[in-house]
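Bear in mind the structure is a predicted one, so any value in this text is a computation, not a measurement. Chain identifiers are assigned alphabetically (A, B, ...) following the order of the sequence lines, protein sequences preceding nucleic acid strands; residue numbering begins at 1 within each chain.
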Amino acid sequence: MDNEYNPGKIESGVQKKWEDSNAFHVTEDPNKEKFYCLSMFPYPSGKLHMGHVRNYAIGDVISRYQRMQGKNVMQPMGWDAFGLPAEGAAIKNNVPPAKWTYENIDYMRGQLKRLGFAYDWDRELATCSPEYYRWEQWFFTQLYEKGLVYKKTSIVNWDPVDQTVLANEQVIEGKGWRSGAVVERREIPQWFLRITDYADELLADLEKLPGWPDAVRTMQANWIGRSEGLEVDFKVEDSEDALRIYTTRPDTIMGITYMAVAAEHPLAKAASENDAVLRAFIQECKSGGTTEVEMETMEKKGLPLNINVRHPITDELIPLWVSNFVLMGYGTGAVMAVPGHDQRDWEFAHKYDLPIKQVIVPSDGSDHDLSESAFTDKGLLNNSAQFDGLNSADAFNAIADFVEKNRCGNRKVNYRLRDWGISRQRYWGCPIPIINNKNGEALAVPADQLPVVLPVDIEFEGISSPIKSMSEFINIDAPDGSGPGERETDTFDTFFESSWYFARYCCPDNDQAMLDERADYWLPVDQYIGGIEHAILHLLYARFFTKLMRDLGLLKSDEPFTNLLTQGMVLKDGSKMSKSKGNTVDPQPLIDEYGADTVRLFMMFASPPEQSLEWSDTGVEGSFRFLKRLWKLSSAHINDGKTGVLEKSSMTNSQRELRRKIHLTIDKVNDDIGRRYTFNTAIAAVMEMINALSRAELKESNDHAIMREGIETAVLLLSPIVPHITDALWKALGHEEALIDAAWPKSDPEALEQNEIEMVVQVNGKLRSKITVAKTADQKQIEALAMTDEKIQQHIEGKTVRKTIVIPGRLVNIVVS
RNA sequence: GCCGGGGUGGCGGAAUUGGUAGACGCGCCGGAUUCAAAAUCCGGUUUCUUCGGAAGUGCGGGUUCGAUUCCCGCCCUCGGCACCA
């Protein structure tokens, strides 16, 4: 074999072999344990970036490892192909989004193949193809029928100059990215999915996901934000109206000193009719974007409405304010304000000189200075009439009972989670399959008229969606026979597509149904891998869709992903690689120069997958160097032609030690790849083994036999990570069988045995000496050996030994004074 | 602002269940090889040191025979915050 490592030649040869034999195509096999390994599919933005390479390298290592465990492994790949950047490219370069997207897909597919990922390409799908999105249109109409879809108004970013809705990303420092105009909040009608109907199940089932990181489960639980509280109606003075609020702290209800409503609230609108100052304020409240950050960090402002409401318990009159910190879209659009016990209310009260009343005192009897801050902990009620002396929990019940008895409120479970708005006023997305008839009724497009195909032969004249002015798309007879109707021109949120693609991979060729029984063979996904930035939205929506599909009888699983690996980001000079920062590194030139194996190896070696990875050009060279050393060691051994025969009974101590190293490495790598997913330490362990083999003297048959055992072990252990070079070495070592189907190595217990163990001896917790003890030594013998050690004698001389701690197999700690 | 991570040599990182801090790699220094260089190989590499040791895992405190690991309080930094994907 060649003495030189030539990755270009090796990799293209191995890849051709895989392709010709369709090596990664799988079908359902009831006799084998299945393993569905999925990496989050990419948005086809143009070319692969380092984050993709990292994500897909991790998924590929896990897939190949599982295959060597004898499992029936499916690893598919596809394209999350709808999205905003295609429209940006269309506007900028006058290229249709479909053309741009499909060209990007072609290029990126080539890159993935060049990296040697073990995908079943027969399952490839692109979400922008009608064959894919027709089923989510159909699914939407089923949900509509079941009442899980509804229409309501909600706020969007509005660019008053370009007369268009903007995505949050298109709002730069409160201004439209193209026009530079100050963005406004505007309410428009949009479609929603009732995800809140599933809030309890989505929360409870997090318990069924022990294979997910705790951080992700915590974030999802906090996002859903289940709270138990009280809904209370406050009568509006001189009116029949009631103002409904929701509170999680009914125990503080006696401390209300004012109330507040959102600018869009009907009471505020009504009050502003004859009040120019109020009108101006309400208008001012509309400026700004829609993000939660903006809402939470903006300066809190308000104006009194000169309306009073009656306290449901005391019947006192309370002034009503309008404020920008209350949101119409969240809860009832009105809040009770208790400045003594809520920090935001406290700050607002200070600003507008509103009274602050203490009705809760700390239960430990300490004092809280209300002039410094609100007291937000629970405690004992005070200044609260008949509720005085109750603790917060008892007061919650007493007050809830009171309002329920007096029919002015009731206990209610609330969620921070809001229903999912799926309408987008954009072109490059899946058309929402709705036709509005002339009576203003929204009708689902009948199944036999699906898919509603997005016209792709279009041009962007301005920046708004071309189908919004395309009469041949819009005008259509209503399906109820009522005459001419109009198509919905909004498209789905692209999260809609990515919420079920994992299921479609199981049966991408079915043109009669969304899913079939093959989905029940493969699902749930055994291992899902993707960026931590998807911890909440994408993963929550995919969980939600799984439950919807289950309830429509399309599949059997409750959860989509059994195990989740959230990979960290790829950084350069400490910050995320991004075009705007100009610190991107294109993986392609590195693949061209060093080969796929080197790039894959570096990605897996530089840091554990959950952590961020700091990019290093010299680190890549280091990985390349290691592969060259592996090649050299192997070719020297193979070309030498001496295979040797291991005579276990005649092994020298150093031979025994080297062989022990090999089998320790097998256990270590198996644990690191199979259980811990710390590929970096797995690689380090193989490097240590290769270093040890390189130092070994080759004198007799045993030496050659151990060398061969070591090299074969290294090839097998590294094969999921660097599949090309190991395939070539495997063949050169004389194996006929394909490496991808070779059995994963098992350690020989006999090789791991050792008669003596090294133990550390500490004095007062500080390392002072090391001793070698027999494996069979008991605690007393170990202690005696430690005490008589020369160096230890020096440290305990003249001192009193107070205690001796022996941790078998590890250390002895002698405590002296 | 809210929710969730992270912080260890010059750098990436290791230490898996509270038990030897710095594995492995990069970089750097020295040496071998070479006319020379590249490549390769060998050795060294936390800091301070009176060469006995001492200090040291973002900062301050605590628990423990023993803390990178557990607890409390801070600082910095990264991800998400519902229309980027």
Upstream residue (5' side of RNA chain B) when A:V156 and A:M569 are each assigned their closest nucleotide: A:M569
Candidates B:C84, B:G12, B:G13 - which lies nearest the side chain of A:A606: B:G12
Heavy atoms only, 4.0 Å cut-off, all strands: where does A:S612 land among base, sugar-phosphate and nothing? sugar-phosphate
Using the ring of A:F192 (Phe, Tyr or Trp, six-membered ring only), decide whether A:K152 places NZ or CZ under 6.0 Å from its centre and within 45 degrees of its axis. yes
Considering only NZ, NE, NH1 and NH2 on the basic side and carboxylate oxygens on the acidic side, decide whether A:K92 and A:E87 come within less than 4.0 Å. no
Gap in Å between the two P atoms, one belonging to B:G13 and one to B:G18, rounded: 23 Å
Please pick, from B:A55, B:C3, B:G13, the nucleotide with the shortest atom-to-atom distance to any side-chain atom of A:N222. B:C3
Taking atom C1' in both B:G12 and B:G60, compute the distance separating them and give it to the nearest angstrom. 29 Å
Within 45° cone of A:W158 ring axis and under 6.0 Å: A:R185 NZ or CZ: no
Would you say B:A14 has OP1 or OP2 under 4.0 Å from some side-chain N or O of A:Q611? yes
Same-atom distance (P) from B:G9 to B:U46, integer angstrom: 13 Å
Can you confirm whether A:Q567 sits close enough to A:I58 that some side-chain heavy atom of one is under 4.5 Å from a side-chain heavy atom of the other? yes
Nearest to side-chain heavy atoms of A:N168, which nucleotide of B:C78, B:G13, B:C84: B:C84
When you compare B:G5 with B:G22, how far apart are their C1' atoms, in angstrom units rounded to a whole number? 23 Å
Of the listed nucleotides (B:C81, B:G79, B:U16), which one gets closest to any side-chain atom of A:E533? B:G79
Please report the distance separating the P of B:C71 from the corresponding atom of B:G7, rounded so that it comes out in whole Å. 14 Å
B:C84, B:G79, B:A82: which one has an atom nearest the side-chain heavy atoms of A:P85? B:C84
Looking only at B:G25, B:G1, B:G13, the nucleotide nearest the A:R629 side chain is B:G25
Contact nearer the 5' end of RNA chain B, comparing A:T297 with A:R424: A:T297
Measure up the A:Y133 and A:F82 rings against each other and bin them: parallel (under 30°), tilted (30 to 60°), perpendicular (over 60°). tilted
Salt-bridged, A:K175 to A:D159, with N to O below 4.0 Å? no
Symbol by symbol from the 5' end, with Watson-Crick or G-U pairs under 3.5 Å, [ ] crossing and | another strand, RNA chain B is (((((((..(((......[....)))((((((.......))))))(((....)))..(((((..]....))))))))))))....
Separation between CD (A:Q190) and CD1 (A:I155), nearest 0.5 Å, reads 10.0 Å
Which nucleotide wins on minimum distance to the side chain of A:L537, given the candidates B:C41, B:A85, B:G1? B:A85
Atom C1', compared across B:U64 and B:C81: separation rounded to whole Å: 41 Å
Does the Lys NZ or Arg CZ of A:R424 fall within the cation-pi geometry relative to A:F492 - under 6.0 Å from the ring centre and within 45° of the axis? no
Which value, in whole Å, describes the distance between the C1' atoms of nucleotides B:G44 and B:G52? 24 Å
Electrostatic pair A:E688-A:K661, nearest N-O below 4.0 angstrom: yes
N/O to N/O distances under 3.5 Å, protein versus nucleotides 17-24 of chain B:
| unit_1 | atom_1 | unit_2 | atom_2 | d |
| --- | --- | --- | --- | --- |
| B:G19 | N2 | A:N813 | ND2 | 3.3 |
| B:U20 | O2 | A:K770 | NZ | 3.1 |
| B:A23 | O2' | A:E688 | OE2 | 2.8 |

Please work out whether B:G52 sits syn or anti, treating a glycosidic angle within 90° of 0 as syn. syn
Looking only at side-chain atoms of A:A215, point me to the closest of B:A82, B:G80, B:G5. B:G5
Quote, to the nearest angstrom, the P distance that separates B:A32 from B:G79. 49 Å
N/O donor-acceptor pairs under 3.5 Å from side chains in residues 536-543 of chain A, not counting sequence neighbours:
| unit_1 | atom_1 | unit_2 | atom_2 | d |
| --- | --- | --- | --- | --- |
| A:H538 | NE2 | A:Y528 | OH | 2.7 |
| A:R543 | NE | A:E559 | OE1 | 2.9 |
| A:R543 | NE | A:E559 | OE2 | 3.3 |
| A:R543 | NH1 | A:L202 | O | 3.1 |
| A:R543 | NH1 | A:Q220 | OE1 | 2.9 |
| A:R543 | NH2 | A:L202 | O | 2.7 |
| A:R543 | NH2 | A:E559 | OE2 | 2.9 |

Using the glycosidic torsion, which applies to B:G31: syn (within 90° of 0) or anti (everything else)? anti
